[in-house]
Trainee: 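Let me give you the structure first, and then I'll get to my questions.
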Amino acid sequence: MLQIQLPDGSVKEYPETFSAIDVAKTIGERLANATLAAEVNGTVVDAMRPIAETVVQASSLPLNTPIALKLITNKDPKALAVMRHSAAHLMARAVMRLYPGVGLAFGPTTGHGFYYDFDLDTKISEDDFPRIEEEMKKIIAEAEPFERFNATREEAVKFCGDLNQKLKVEHIQTGLADHDSLSFYRQGEFVDLCRGPHVPDAGRVTAIKLISVAGSYWKGDANNKQLQRLYGTAWFSQKDLDDYIKQVDEARKRDHRVLGKQLGLFAISNEVGPGLCLWLPKGASIRATLEEFIKKELLKRGYTPVYSPHIGRVEMYETSGHFPYYRESQFSPIFGHDAGALVDFWIRKLRDHAAGTAVFSIDDEQKLLESARVMGAGLADYPIGGAVETKIELLRTWEKSQERYLLKPMNCPHHVQMYASQQRSYRDLPVRLAEFGTVYRHEKTGELNGMLRVRGLTQDDAHLFCTPDQVEEEFKSTLELVKFVLQSVGLDDYRVQLSLRDSKNKSKYVGSDENWDRAEATLRKVLTEMGLSFTACEGEAAFYGPKTDFMVRDCIGREWQLGTVQLDFNLPERFKLEYIGSDNTPHRPVMIHRAPFGSMERFCGMLIEHFAGAFPLWLAPEQVRVLPISEKAFDYAQQIESRLRVAGFRATTDYASNRISAKVREAQLQLIPYMFVVGEKEAAEDAVDVRDRLLGDNERQKMKVDEAIAKLTQEVLERKVRQVAKSSFRSFDEGAEDENAY
RNA sequence: GCUGCUGUAGCUCAGUGGUAGAGCGCGUCCUUGGUAAGGACGAGGUCGUGGGUUCAAGUCCCACUAGCAGCUCCA
């Protein structure tokens, strides 16, 4: 007999052959019908498999200890993930019926649904969705069971080979090389290599919808074959599905690119260039307010503002290691000599030739030399056909004698030079240099996205130089700053990701073991002490040091990576930074990079979506609009506007010859927080009729002008966030599957 | 960068190989009003760019360019 412990703590005995479904049936038929999967000793498994079998597989606990069993019903997000994975199988089965000979890749779940990658020559388009969905619904109606069976590796290879599933064969032979036994799931005529688990039968898959089709790469590698990825979503009920679709529409409505245009916040002009953001007056106002806010905070916290130029010598970036390592995502260097780009290209060709990745003939060489001469670069000693190393050396020497600048891809080296511009004593540390530094990165065209991914961006950057002893305190203060800043703009739902080095492969990282161990322990300690919830990710650190990233959840449940705090052992080393310690000998400082917003572009883009364009009073580009009822009130309206401006408010007056209701509507659509309606009555008593955008016509308040200004001033001071469109929607990210696990 | 889709008035978009349309916005005039759209008239277009097919191209084909979705990437 099986000893089963149910979630309420009770232990019961069941026959050895019992499955979770059988257990559910002993409790009730309705429960059995609602049961989609089971959790056995904490692992999610098929509800229809004998429990004993899943225990052996799931853990090696002896059979005589009670087995913890939890029935996973259609109320549980875990069941949703299982059902979505089953839906992916149904979709693959439908596609196979409609497109014979299709190759199958992977079909995992995602936060909101599932996808399956297909190797298929015929292009699937959205027009094909209805027939695929129809086929899926047919399969659901047939409600055939999911049957699991195991095979040895050899059997599995032969099996998939017989089905002509080449990608599956390859995956078994490479990705799953360490698995002796592999599981398959049969669903009618459809059989797929799969770890499971699945719902008991196809009929349990309820509300489904295909979402989109897009290209993807086999095993995520851009060098591999391109596949067609079909996205779908699945929910427990049509209502959930409808809610989800509504939610997607909601997200689309708050798209910062749409709102940015509608509200006149920013623009991207083709003439200026892709990925180059133009901050229009209203967007600039939001940014300026945020910058002022940060600047004040930084002064309070002992930072010193600095400025640096937008370009720097290529040599500096060679020292820092950023050039040519990140060459692909940088704008090309600015050369002082016409032949600069030519010689630069030439050196790369020689290097590629030496590495055997490209052919560089003597003929090519002669042509380049001739061109260089025409351009006025001497290079008289260049030995055509000579040793590659000598030639590179000669070209490098020429190059170094010329001016070469890079548009700065980051601010660090500039700040490093500021640190190095003076001799430093331990008494001077920490040095905290802050700058809204604009940097340029040549992101690939397909990666640009509104303000979220741009080519020119301004980081709210700062670099802290401190002694190893000060790391703890400095790290803590930077985290507190990020926390404070996020809270001030009403973002209070976030988690921290702590990225540590890969302890098994330490050679990838610079800096001593001792420093790393100490730093990692410090970060962990500080995060714990501050009570921040964090997930530690080994192997995610930058090569130069451990880091923490703030993952912020917005009001419709999407997660954004914003602020970052990073430790750096590398740059102080490369630039040989020093300070004189109390022992009167030179020491190497530790550097901390930090940016609470990340970049102004990304942060503002995110805020637009978070607030859906309806910024809180302190951030709103236009805080008050004065609305005169008729021409008779124009003079008074003008007075009110200037009084508001004197009090520090961003206010305008609507002098259009429209009716008041049209002006109100216009201001509502522009998401202006307050309207001051003024007519002859108000003018007579030095008052305004305050219309709050959120309360509308119901709670209008007639107030004395001074009183109204005082009320708004207080709201700005508190940086009150009065409205964020709340949503009950949460994605079930935790249900997403690891694609490589099969 | 890859795959697919898209590019028509300031914005959102119709447009069937035969000489360009709507709504909103904008301008002028009328209207002077009390909290989400008052009325009339008017201006506004190299149909993304360059080639090709055709008697004829916004429409069909090719290339480029930009945007969107996804992939890949993000110091």
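Each chain gets a letter, A, B and so on, in the order the sequences are listed, and its residues count up from 1. Because the structure is a prediction, the values reported are computed rather than measured.
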Trainee: Tell me what A:E271 touches on the nucleic acid: a base, only sugar-phosphate, or nothing, going by heavy atoms under 4.0 Å.
Mentor: nothing

Trainee: Looking across every strand, which nucleic acid part, if any, lies under 4.0 Å from A:L448 by heavy atom: base, sugar-phosphate, or nothing?
Mentor: sugar-phosphate

Trainee: Counting only side-chain heavy atoms from C-beta out, which of B:A75, B:G34, B:U35 sits nearest to A:D689?
Mentor: B:U35

Trainee: For A:R453 and B:C71, give me the distance from atom CZ to atom P, rounded to whole Å.
Mentor: 12 Å

Trainee: A:K444 has an atom NZ; how far is it from atom P of B:G1, in whole Å?
Mentor: 9 Å

Trainee: For the side chain of A:R229, starting at C-beta, report the closest nucleotide among B:A75, B:G33, B:C71.
Mentor: B:C71

Trainee: For B:G51 and B:G42, measure between their P atoms and round to the nearest Å.
Mentor: 37 Å

Trainee: Tell me whether the side-chain N or O atoms of A:Y217 pair up with the base of B:G1 as donor and acceptor below 3.5 Å, since no angle test is needed here.
Mentor: yes

Trainee: Using 0.5 Å steps for rounding, measure from the NE2 atom of A:H463 to the CD atom of A:Q566.
Mentor: 8.5 Å

Trainee: Both distances under 3.5 Å, Watson-Crick or G-U wobble: report the partner of B:G58, or none.
Mentor: none

Trainee: B:U35, B:C71, B:A75: which one has an atom nearest the side-chain heavy atoms of A:Y544?
Mentor: B:A75

Trainee: For A:S657, report the nucleic acid contact type (base, sugar-phosphate, nothing); a contact means any heavy atom under 4.0 Å.
Mentor: base

Trainee: Is A:R84 close enough and on-axis enough to A:F114, meaning under 6.0 Å and within 45°, for cation-pi?
Mentor: no

Trainee: Suppose we call two aromatic rings close when their centres sit under 6.0 Å apart. Are A:F118 and A:Y116 close by that rule?
Mentor: yes

Trainee: Do A:F550 and A:W560 pass the ring pair (Phe, Tyr, Trp, His ring centres under 6.0 Å) test, and can you show the C-alpha distance, the side-chain angles, and the key distance before you say yes or no?
Mentor: CA-CA 8 Å; A:F550 279 73; A:W560 305 72; over 10 Å; no

Trainee: Measuring only the C1' atom in each nucleotide, how far is B:U8 from B:G15? A whole number of Å is fine.
Mentor: 9 Å

Trainee: Work out how far the P atom of B:A20 is from that of B:U53, and round it to whole angstrom.
Mentor: 24 Å

Trainee: Taking the minimum atom-to-atom distance to the side chain of A:R659, which one of B:G33, B:G34, B:G1 wins?
Mentor: B:G33

Trainee: Can you check the distance between B:A9 and B:G23, where both ends of the measurement are the P atom (answer in whole Å)?
Mentor: 16 Å

Trainee: Whom does B:C26 pair with, Watson-Crick or G-U wobble, provided both distances fall under 3.5 Å?
Mentor: B:G42

Trainee: Taking only side-chain N and O atoms of A:Y440, does any of them lie within less than 4.0 angstrom of OP1 or OP2 on B:C74?
Mentor: no

Trainee: When rounded to the nearest Å, what value does the distance between C1' atoms of B:U28 and B:G44 take?
Mentor: 14 Å

Trainee: Quiz question: going by heavy-atom distance under 3.5 Å, is there a donor-acceptor pair between the base of B:U3 and the side chain of A:Q228?
Mentor: no

Trainee: Taking only the C1' atom of each, what is the distance from B:A14 to B:U6 in whole angstrom?
Mentor: 16 Å

Trainee: Which listed nucleotide (B:G38, B:A75, B:U35) is nearest to the side chain of A:A662?
Mentor: B:G38

Trainee: After noting the C-alpha distance and the side-chain angles of A:D692 and A:E699, does the key distance pass the side-chain contact (heavy atoms from CB on, under 4.5 Å) rule?
Mentor: CA-CA 8 Å; A:D692 182 325; A:E699 293 180 51; over 6 Å; no

Trainee: Starting the side chain at C-beta, find the nucleotide from B:A75, B:U35, B:A69 nearest to A:D697.
Mentor: B:U35

Trainee: Applying a 4.0 Å non-hydrogen cut-off, can you work out what A:G450 is touching in the nucleic acid: base, sugar-phosphate, or nothing?
Mentor: sugar-phosphate

Trainee: Ignoring the backbone of A:P274, work out which of B:U72, B:G67, B:A36 is nearest its side chain.
Mentor: B:G67

Trainee: Show, in sequence, the C-alpha distance, side-chain angles and deciding distance for A:Q459 and A:N411, and conclude whether the side chain to side chain donor-acceptor pair (under 3.5 Å) test is met.
Mentor: CA-CA 9 Å; A:Q459 299 174 311; A:N411 304 299; 3.0 Å; yes

Trainee: When the P atoms of B:A22 and B:A63 are considered, how many whole Å apart are they?
Mentor: 35 Å

Trainee: Heavy-atom count check: over 12 atoms from other residues, nucleotides or ligands less than 6.0 Å from A:E538 CD?
Mentor: yes

Trainee: How far, in whole Å, is B:G27 from B:G18 if one measures between their P atoms?
Mentor: 36 Å

Trainee: Within the structure shown, what part of the strands sits under 4.0 Å from A:K663 by heavy-atom distance: base, sugar-phosphate, or nothing?
Mentor: nothing

Trainee: Need the pair for B:A63. Rule: Watson-Crick or G-U wobble, both distances under 3.5 Å, any strand; none if unpaired.
Mentor: B:U49

Trainee: At under 4.0 Å, does any side-chain N or O of A:S661 touch on OP1 or OP2 of B:U35?
Mentor: no

Trainee: At under 4.0 Å between heavy atoms, what does A:Q330 touch on the DNA or RNA strands: base, sugar-phosphate, or nothing?
Mentor: base

Trainee: Tell which nucleotide pairs with B:C13, taking only Watson-Crick or G-U wobble pairs whose two distances are both under 3.5 angstrom.
Mentor: B:G21

Trainee: What about A:R257: does its side chain form a donor-acceptor pair under 3.5 Å with the base of B:C68?
Mentor: no

Trainee: May I ask you to decide if the ring planes of A:Y544 and A:H593 are parallel, tilted or perpendicular, using 30° and 60° as cut-offs?
Mentor: tilted

Trainee: Rounded off to whole Å, could you give me the CG-to-C1' distance for the A:D119 and B:U3 pair?
Mentor: 13 Å

Trainee: Counting Watson-Crick and G-U wobble pairs only, both distances under 3.5 Å, name the nucleotide matched with B:G70, or none.
Mentor: B:C2

